[in-house]
2 protein chains.
Amino acid sequence: MTTIKDVAEKAGVSVATVSRVINNEKYVNEDLRRYVLKIVNDMGYQPDGIARGLRTKSTNVISLVIPDINNPFYPEVARGVQSVADEYEYVVILCNTDRVVQREQKFVNILNQQRVEGIIINPSGSTRREMNILARLNIPVVLISSQNILPNFDIVMVDNIQGVGLAIDHFYELGHRRIGLVGGSREVSSGEQRYQGYIQSIARHGIPVEEELITEGKFDHNGGYECMKRLLKLKNRPTAVFAANDIMAIGAVSAIYETGLKIPDDISIIGFDDIAYSRMMYPKLTTVSQPKFEMGAIATQMLFERVTGQEIPNPRRKILDHSLVIRDTTQRI
Amino acid sequence: MTTIKDVAEKAGVSVATVSRVINNEKYVNEDLRRYVLKIVNDMGYQPDGIARGLRTKSTNVISLVIPDINNPFYPEVARGVQSVADEYEYVVILCNTDRVVQREQKFVNILNQQRVEGIIINPSGSTRREMNILARLNIPVVLISSQNILPNFDIVMVDNIQGVGLAIDHFYELGHRRIGLVGGSREVSSGEQRYQGYIQSIARHGIPVEEELITEGKFDHNGGYECMKRLLKLKNRPTAVFAANDIMAIGAVSAIYETGLKIPDDISIIGFDDIAYSRMMYPKLTTVSQPKFEMGAIATQMLFERVTGQEIPNPRRKILDHSLVIRDTTQRI
DNA sequence: AATTTTTCTGTAAACGATTACAACCCAAAT
DNA sequence: ATTTGGGTTGTAATCGTTTACAGAAAAATT
C-alpha cells in the first residue's frame with residue numbers, strides 16, 4: 001500500500017503538501033498541485049481512511065440496524081437511507097439482527113468501537129435496559145418505526161393506531177363485523193401499537209372485542225400462516241382479517257387458500273406496509289401503506305443534522321403520512 | 001470518550017498494561033488484571049477500533065456489494081454472509097448499487113479507503129475495465145453468481161446453463177414446444193448465461209429458435225411485466241415461458257393475469273432463484289432453486305481463507321447445486 | 001551463592017494521516 | 001530602504017492504540 005509518505009518522497013515535497021493537495025486546500029501553488037496530483041494518480045495512491053479517521057475523528061460511516069432483512073419493508077427503508085448517505089459521502093453499514101436482541105447489542109457495541117458517527121435503528125429489544133445501551137453511546141441515534149421508551153432519541157414513524165383504524169373502518173364500511181387480528185409480536189413496539197389500533201377501532205365501532213379473534217405470532221410469513229390457521233379453526237370464523245404487516249398477510253393468504261376458501265369472496269384481508277409484492281401478488285393486497293423509502297431518507301436526514309453538529313436540544317418526533325390502498329383482497333360482505 | 005490513557009492513569013499503570021489486559025495477553029498479574037478490568041468497566045471504556053486498526057492493519061470488516069437489495073435473492077445471500085462473518089467477529093458493510101456501475105465503482109473505492117479486508121461482490125459492471133478496479137485492490141475478492149472475466153478472483157455460483165436446461169426439459173416433457181423467454185439483461189453475466197441456457201436447451205430438443213419468443217428486460221418485476229406483455233401480443237403466443245429470475249416471473253404472472261389468462265391452464269411459467277415468495281404466492285411458482293444462504297456463506301468462507309492469509313495460489317471456482325422445484329405454475333399442455 | 005529463566009511492567013516507537021506553527025519568499029505599501 | 005502581508009512550503013506534534021525492547025523482580029536451576 002503506498003502511503004502519503006511515498007508520494008511525498010517521489011514528488012520531492014513534504015507530506016503536508018501532499019495532504020493539502022488531496023484535500024483541495026488553497027495555498028498550494030497551482031503547478032505544484034498539478035504535479036503532485038499526477039504522481040498521486042500514477043502511484044494509484046488512495047489515502048488511508050483509518051489513519052485519516054484517527055486524526056480527524058470522523059469515519060464517514062453511519063449504520064442502519066434492522067430486525068429482518070427478509071421482510072422487503074426494510075430493504076426499501078435501507079435504500080432511502082443509502083440515498084441520503086450518498087449525498088453526504090457516507091457509507092452505511094447495514095446490520096441485520098434476525099430479531100435476536102443479543103445480536104443487536106453485539107452490533108451496537110462493535111459499531112461503537114468502529115466509531116460510526118450515527119445509528120438508525122429499528123430496535124428488536126424493547127426493555128429499558130436494552131435501550132440503555134443505545135443511550136450510553138455518545139453518538140446520535142434515530143429510531144424508525146418504534147416508540148421511544150427512553151425519550152432521548154429522534155424518531156420517525158407512522159401513526160400505527162390511526163393506520164390500523166383506516167383498515168378496520170374500511171372493513172366496517174364493507175359490512176364486516178367479525179374481524180380477526182393476525183397480530184405481530186406485542187413485544188416489539190409496532191406489534192403492540194397495531195394491536196392497540198385493532199382494539200380501539202373495534203371498540204369505537206361498538207363491536208365487542210372477542211379474544212378468540214385475536215392471534216399473535218412472529219412478524220413473518222410463517223407467523224401469519226400459523227395465526228390464520230388458528231382463526232380458520234374457529235366454529236364461527238371471521239369474515240375479515242387484519243394482518244399486522246404484509247408478509248404476515250401473505251402467510252395468511254396461503255393458509256386461506258390451503259383450506260380452499262376464496263379471497264375476497266369468503267374472507268377479506270388487509271395488510272400493513274405496502275411492500276412491492278402486495279401489488280404483484282394475486283389477488284392484489286389491500287393494505288395500509290407507509291412511505292418506506294422516505295422513512296429511511298428522512299431518518300437519515302435527521303441523523304445528519306445531529307452528526308454535523310447542529311445543536312438540536314430536544315428529541316424530535318416525525319410522523320409520516322400513511323394511507324389505505326384498496327386493492328383486491330377486500331369486498332362487501 | 002475515555003481513552004486507554006485515561007484508564008491507565010486512573011489505575012496507576014502504564015497504557016501497555018491496560019492494552020495487555022483488554023487483549024487478554026498472558027504475562028500480567030492476575031490481581032492487577034482484575035483490578036484494571038474493574039476500572040475498564042467502571043469507566044465504560046471501549047477501545048477505539050480506528051486507532052487499533054491503524055496500528056494492527058486490520059479493521060475486522062468485510063463488505064458485500066449487491067446490485068438490487070429489493071430482489072429477495074440478495075437479502076438471503078446477505079444473511080449467509082453475515083452468519084459466517086459473525087463467527088469471525090467481523091462486521092459486514094452491505095452496499096446496494098441499484099445496478100448503476102458508477103455507484104459500484106464509487107463503493108469499491110470508498111471500501112478500499114476504509115480498508116475493508118475483503119469484498120464479496122455480484123458485479124453490475126461486466127467489462128474488463130470495470131473489473132480492473134477490483135483487480136487493482138490488493139485485498140481478496142470473491143465473486144458470486146457471476147462469470148469472472150478476469151481470472152483472478154474466487155467465484156461461487158450455480159451452473160446457469162444447466163439450471164435453465166432443467167426448466168426447458170420440464171416444459172418439453174409436459175409437451176410444450178412453443179417456449180418463450182422473459183430474459184434479463186444480457187449485459188450482466190447471469191442474464192447472458194441464462195439466455196445461452198435457453199438457446200442451447202431449445203436447440204438440444206430440436207425446437208427451432210424463434211426471435212419473436214425471446215425478450216430481454218431489466219432484472220426486476222417491471223422488466224418481467226414488460227417482456228411478458230410483448231410475448232402476449234404475439235399472434236401465436238407461447239404456451240410456456242421461462243423467466244430469468246423469480247421477480248421477473250412474478251412480473252410476468254401479473255401481465256398474464258391482466259389479460260384474463262389463467263396459469264398454468266393457458267400458460268405455464270418457470271422462474272429462477274426460488275425466493276421465499278415463490279412458495280407463498282398463488283399459484284405457487286415452479287422454479288429453478290439455487291442455495292442463496294449457502295452461496296453467501298460459502299463465498300464468505302472462501303473469502304476468509306484468504307483474509308486470514310492462507311496461501312491459495314490459484315483462483316477457485318465453486319459450483320453449487322441447483323434443482324428444479326415443481327410447484328403449481330406448470331402443467332401438461 | 002551464583003546463574004539462568006520466567007514473569008511482570010514500563011518506555012517509547014510505530015501506524016498514516018491532518019494541522020498548528022514557523023519560516024521563507026516576494027510583491028506592495030510606506 | 002524598510003515594513004507589511006499574503007502566498008507557499010516544511011517541521012513536528014498529534015490522534016489512540018499495539019508492541020518491540022528493556023529492565024526489574026521473582027522463581028528455578030546449577
Side-chain angles (χ1 to χ4, degrees), chain A residues 1-37 39-40 43-61 89 109-117 138-139, chain B residues 1-37 39-40 43-61 89 109-117 138-139:
Chain A
M1 211 67 284
T2 75
T3 73
I4 197 172
K5 212 172 147 193
D6 301 332
V7 176
E9 246 160 53
K10 187 135 184 176
V13 300
S14 73
V15 291
T17 299
V18 179
S19 175
R20 289 191 191 101
V21 168
I22 60 183
N23 288 301
N24 252 307
E25 281 173 31
K26 51 181 226 171
Y27 293 148
V28 31
N29 181 278
E30 203 43 49
D31 289 343
L32 184 56
R33 154 168 285 140
R34 267 196 294 273
Y35 176 64
V36 171
L37 230 37
I39 293 192
V40 164
M43 301 183 75
Y45 167 71
Q46 285 201 311
D48 184 323
I50 300 298
R52 175 181 276 174
L54 178 59
R55 177 64 222 241
T56 62
K57 309 248 134 261
S58 68
T59 50
N60 280 37
V61 358
E89 304 256 292
N109 275 333
I110 295 181
L111 293 171
N112 183 234
Q113 289 188 205
Q114 298 289 348
R115 300 295 185 247
V116 304
E117 296 180 37
N138 26 24
I139 54 173
Chain B
M1 213 67 281
T2 75
T3 73
I4 199 173
K5 214 173 147 192
D6 302 332
V7 176
E9 247 160 52
K10 188 134 182 177
V13 298
S14 74
V15 292
T17 299
V18 178
S19 174
R20 290 191 190 101
V21 168
I22 58 183
N23 289 303
N24 252 308
E25 281 173 31
K26 54 182 221 170
Y27 293 148
V28 31
N29 181 278
E30 202 45 48
D31 289 343
L32 184 56
R33 156 168 282 138
R34 266 196 295 273
Y35 176 64
V36 171
L37 230 35
I39 294 193
V40 163
M43 299 181 77
Y45 167 72
Q46 286 201 311
D48 184 322
I50 299 299
R52 175 180 278 176
L54 178 59
R55 179 62 222 240
T56 63
K57 307 247 135 266
S58 69
T59 50
N60 279 37
V61 358
E89 304 255 293
N109 276 331
I110 295 181
L111 293 170
N112 183 233
Q113 290 188 207
Q114 299 290 344
R115 301 296 185 245
V116 303
E117 296 180 36
N138 26 25
I139 54 174

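Atom OH of B/Tyr35 is separated from atom C1' of C/dT9 by 16 Å (rounded to the nearest Å).
Judged by distance alone, with hydrogens and angles left aside, the side-chain atoms of A/Glu25 form no donor-acceptor pair with the main-chain N or O of A/Ser19 at under 3.5 Å.
Legend: residues meeting side-chain hydrogen bond (donor to acceptor under 3.5 Å, both in side chains) with A/Thr2, ordered by chain and number and at least two apart, are absent. Checked against side-chain hydrogen bond (donor to acceptor under 3.5 Å, both in side chains), B/Asp31 has the following partners two or more places apart in sequence or in another chain: B/Arg34. Remark: B/Arg33 engages B/Glu30 in a salt bridge (Lys or Arg N to Asp or Glu O under 4.0 Å) (not counting sequence neighbours).
Under 4.0 angstrom from either OP1 or OP2 of C/dC8 there lies no side-chain N or O belonging to B/Tyr27.
Legend: salt bridge (charged side-chain N to carboxylate O under 4.0 Å, His left out) pairs involving residues 7-23 of chain B, not counting sequence neighbours: none detected.
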Side-chain donor-acceptor distances from residues 44-54 of chain B under 3.5 Å, at least two apart:
residue, atom, partner, partner atom, Å
B/Gln46, NE2, A/Asn109, OD1, 3.3
B/Asp48, OD1, B/Ile50, N, 2.7
B/Asp48, OD1, B/Ala51, N, 3.1
B/Asp48, OD2, A/Arg115, NE, 3.3
B/Arg52, NH2, B/Asn23, OD1, 3.4

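Using a 4.5 Å heavy-atom cutoff, the side chains of A/Glu117 and A/Ile139 are not in contact.
A 4.0 Å heavy-atom criterion places the boundary nucleotides of DNA chain D facing chain A at D/dG7 to D/dG16, written 5' to 3'.
B/Asn24 CG to B/Leu37 CG: the interatomic distance, rounded to the nearest 0.5 Å, is 8.0 Å. One distance of note links CG of B/Asn138 with CG of B/Asn112; it measures 7.0 Å at 0.5 Å rounding. Here CG of B/Asp6 is found 10.0 Å from CE of B/Met1. Values are rounded to the nearest 0.5 Å.
Between the two ends of the helix from C/dA1-D/dT30 to C/dT30-D/dA1, each summarised by a five-pair axis, the helix axis turns through 50° (rounded to 10 degrees).
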Summary of protein contacts for nucleotides 11-21 of chain C, nucleotide by nucleotide, where a base hit scores B, a sugar-phosphate-only hit scores S (4.0 Å, heavy atoms): B-BBBBBBBB-

